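Naming convention: chains lettered A, B, ... in sequence-line order (proteins, then strands); numbering from 1 in each chain. Note that the structure is predicted; figures quoted are calculated from it, not measured.
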Amino acid sequence: MTKTWRNIRGAFDILPWASVADGAAVPGSAAWRYVEDAIRQTMARFRFEEIRTPILEEEGLIARGVGEGTDIVAKEMFVVDRGRDRYVLRPEVTAPVMRAWLQHRLEQRGGVQRLYYIGPCFRAERPQKGRYRQFHQFGCEIVGSDDPRADAEAIALMLTVYDAFGVTGSRLRINTLGLPEERRRYAAALRDWLEPHRNALSETGRRRLDKNPLRLLDTKDEREQALLRDAPLLVDFTGEPTRSRYESVKQCLDEAGIDFEEDAMLVRGLDYYMHTAFELDSPDLGAQSALAGGGRYDLLGAALGSDRPAPGTGFAAGMERLFLALDAQGLSVPETASLDVFLVALGRDAQQWAFREAQRLRREGASASFDLKGRSMKAQMREAHRQGALFALIAGESELAAGVVQLKNMDSGEQTQLPADAAPTHILQCLGDARANDAPVSIPSP
RNA sequence: GUGACCGUAGCUCAGUCGGUUAGAGCGCCAGGUUGUGGCCCUGGAGGUCGUGGGUUCAAUUCCCAUCGGUCACCCCA
C-alpha cells in the first residue's frame, strides 16, 4: 500500500454516518447537526444571539486575553506565521468575543449583549479521551453587565442545554475567585501556610507551590487534598463587596431551584476570571471530567487595552464531551428524514427520464435520488431500500414508450401503474399523507 | 513534552510456541429471481499482517527503530 493520507493527529473527520475511528467513537454528521440544532434552540429560548468570530486571531489578542503565563499561550497554540504577522488558531472564544464587542462598540447597541457561539477551537496538546487538537466548543458570553444575576443566567443557560438532552448526574460546583488583589493576598497566604509542609507535597505540588499556589487547590493527589482541608480559604481574604456579590449569585441559583455545591477549591486556569467561577462535571467522562465551565471576566476588556468598562460573564462547553456524556448515558439522537422517492431507471432513455423527473420532484419540495452507475434493477431497488425511500418510481423503455410508470410503496410493497404525467402529482399527494403520520427513527448514537 | 498499552481485510476481531495458498463475522459486489428491495442460499472482490532495519535457511510471528492510535501525566472548557 502506498501512503494513504490521513487527518492530522488530534483532529477527526465527521462522516455522513456514525462511525468508529480507531477505537474512538465519533458521531456522524447527522448527530452533530442534531446536537448543534438543539443547542441553538435552547440559546434562542434564552434570547441569546449567535456571534461568529474568525478562527484566526492575532497572536497578541490571545496572549493578552488568555494570559501570557498560561500553558495555552506558552506552549499549546497553533501559530500561523505570515512573516510580518503572526496569527493563531483560536484556543477559546471568550477573548475573540470580547475583541468583537470592543471593536464594534456593541455597548452602543443598547442593553446587555447576550451572545452565544458554537464552533471549532484548537490546542496543540497531546490528544486524549474527550480532548482533541481540533475540538468544538459552544458557550455564551453576557457582556456589558456586572450584575450577579448575569452569572446565574449563564449558569442557568448552561444547565438547560444539558437538561434538554436529558444528561443527568452531572455536578455543578461554584466558587468565588474574588478580586485580583484579594486573590493575590490569598495566594501569598496560602504559600506561607503550605511552605512548612513542602516535603509532604508531590513534585508537581512543589512546582505549583512556587509557580501558582492556587493551582494546588484542585490537585488530584489524595494526600495533598487531605492536607489542604485545613488550609486557609479564599473567602476569608475577600472583602464585603466580593462576599455579598457571591451571596447574590447563590441566592439567584437557589431561587431558580438550581442545585450546586460550593467548592472553595475550584479555581480556573485562565487569567481573566474573577469573582464567580463554576464548573459542570460528569462522572462519565474519565480523566477529563469537565463538561463545561466558566465565570466572570470583568477585567478581560482592560487586559485587551480598553478604557471602557467591559464586564462579562459566560461559560464554555465541549461538544466532544457532550457526546461522550450522551453516549455514556445511552441517549440517542434521531436520524434525519428518510428519502421520499428513489427513481429506478432501466435503459438510456429511462436514465434521462429519471434525471429530469428527480429535478421536477425536488422543485416540488420532495426529496429524490437515483442511481448514477447504470446498475441493474435489483441493485437500484436495493439502493432505494438502503436509503429508506418511501416510494420507488420505476420506468423502463417499454413503460416510457407507453407513457406509464410504476409507483411502488416500499413499505407495503404494493405497486401501481400510473400515467407518467400524473406521477409527480400523485406522489406528492401520497407523501403528504405519509408525512402526517411519520415518526422519527432512532439510531444508536455516537 | 513524559509514560503505559496497542497497530492482521472498509469495520469488529481470530490466528501463527517462526515454516507451503493469512481466517471469521459484519459490510460491499454479483448470482439464485432473463425488469423489483428487506429474509435466505451461493459465489466474488478486498490484506506486500502500519513502515524500515536486524536475527534466522525461513519473520505477519522474535529484536530494534520509526510512524500511527488509545489511555494517562502535565495542563485545561
Self-check item: B:C75 - base-pair partner by Watson-Crick or wobble geometry, distances under 3.5 Å
Solution: none
Exercise. Write down the distance between CG (A:Asn409) and C1' (B:G38), rounded to a whole number of angstrom.
Key: 13 Å
Exercise. Could you pick out which residue, A:Leu346 or A:Gly130, lies toward the 5' side of RNA chain B when each is mapped onto its nearest nucleotide?
Key: A:Leu346
Quiz item: Between A:Ala154 and A:Gly314, which heavy-atom pair has the shortest distance, and what is it?
Solution: CB-CA, 4.1 Å
Self-check item: Whole-Å C1' distance, B:C62 and B:C75
Solution: 39 Å
Exercise. Could you tell me the separation between the OH atom of A:Tyr297 and the C1' atom of B:A77, rounded to a whole number of Å?
Key: 14 Å
Self-check item: Strand partner of B:C26, provided both Watson-Crick or wobble distances fall under 3.5 Å
Solution: B:G10
Quiz item: What does A:Ala290 touch in the nucleic acid at a heavy-atom separation under 4.0 angstrom: a base, only the sugar-phosphate, or nothing?
Solution: nothing
Practice problem: Using both distances under 3.5 Å as the test, list the Watson-Crick or G-U wobble partner of B:C5, or none. | Solution: B:G69
Exercise. Using the C1' atom as the reference point in each nucleotide, state the distance between B:G18 and B:A59 in Å, no decimals.
Key: 6 Å
Quiz item: Watson-Crick or G-U wobble partner for B:U36, using a 3.5 Å limit on both distances?
Solution: none
Quiz item: Has A:Arg9 got a side-chain N or O lying under 4.0 Å from the OP1 or OP2 atom of B:G68?
Solution: yes
Quiz item: Expressed as a whole number of Å, how far does the C1' atom of B:A9 sit from that of B:C17?
Solution: 26 Å
Quiz item: Has A:Asp411 got more than 12 heavy atoms of other residues, nucleotides or ligands less than 6.0 Å from its CG?
Solution: no
Quiz prompt | Same-atom distance (P) from B:A72 to B:G10, integer angstrom | solution = 29 Å
Practice problem: Rounded off to whole Å, could you give me the CZ-to-C1' distance for the A:Arg123 and B:G1 pair? | Solution: 17 Å
Exercise. List in numerical order all residues of residues 371-388 of chain A for which some heavy atom is under 4.0 Å away from an atom belonging to RNA chain B.
Key: A:Arg375, A:Met377, A:Lys378, A:Ala379, A:Met381, A:Arg382, A:His385, A:Arg386
Practice problem: Could you check how far CD of A:Glu76 sits from C1' of B:C76, rounded to whole Å? | Solution: 7 Å
Self-check item: B:G47 and B:A24, which share atom name C1', separated by this distance in whole Å
Solution: 14 Å
Quiz item: Could you give the CG-to-C1' distance, from A:Leu343 to B:U36, as a whole number of Å?
Solution: 15 Å
Exercise. Give the nucleotide from the list B:G35, B:C75, B:A72 with an atom nearest to the side chain of A:Lys129.
Key: B:A72
Quiz prompt | Watson-Crick or G-U wobble mate for B:C57, both contacts under 3.5 Å | solution = B:G19
Quiz prompt | B:G37 base stacked by A:Phe342 (centroids within less than 5.5 Å, tilt under 30°) | solution = no
Exercise. With sequence neighbours excluded, give me every ring-ring contact (aromatic ring centres under 6.0 Å, His included) pair touching residues 278-297 of chain A.
Key: A:Tyr272-A:Tyr297
Practice problem: Let me know the distance between CG of A:Asp13 and P of B:G68, rounded to the nearest Å. | Solution: 16 Å
Quiz item: Which one of A:Thr94, A:Asp151, A:Asp147 satisfies the side chain to side chain donor-acceptor pair (under 3.5 Å) criterion with A:Thr313?
Solution: A:Asp151
Quiz item: Side-chain N or O of A:Gln137 less than 4.0 angstrom from OP1 or OP2 on B:A77?
Solution: no
Practice problem: Could you tell me whether A:Glu92 and A:Arg123 make a salt bridge, using a distance below 4.0 angstrom between a side-chain N and a carboxylate O? | Solution: no
Quiz item: What's the CZ-C1' distance between A:Arg126 and B:C76, to the nearest Å?
Solution: 17 Å
Quiz item: Taking A:Phe370 as the fixed residue, which of A:Phe342, A:Trp353, A:Phe355 is the one that meets the ring-ring contact (aromatic ring centres under 6.0 Å, His included) rule?
Solution: A:Phe355
Exercise. Assign each of A:Gly294 and A:Gln415 to its nearest nucleotide of RNA chain B by heavy atoms, then name whichever residue's nucleotide is nearer the 5' end.
Key: A:Gln415
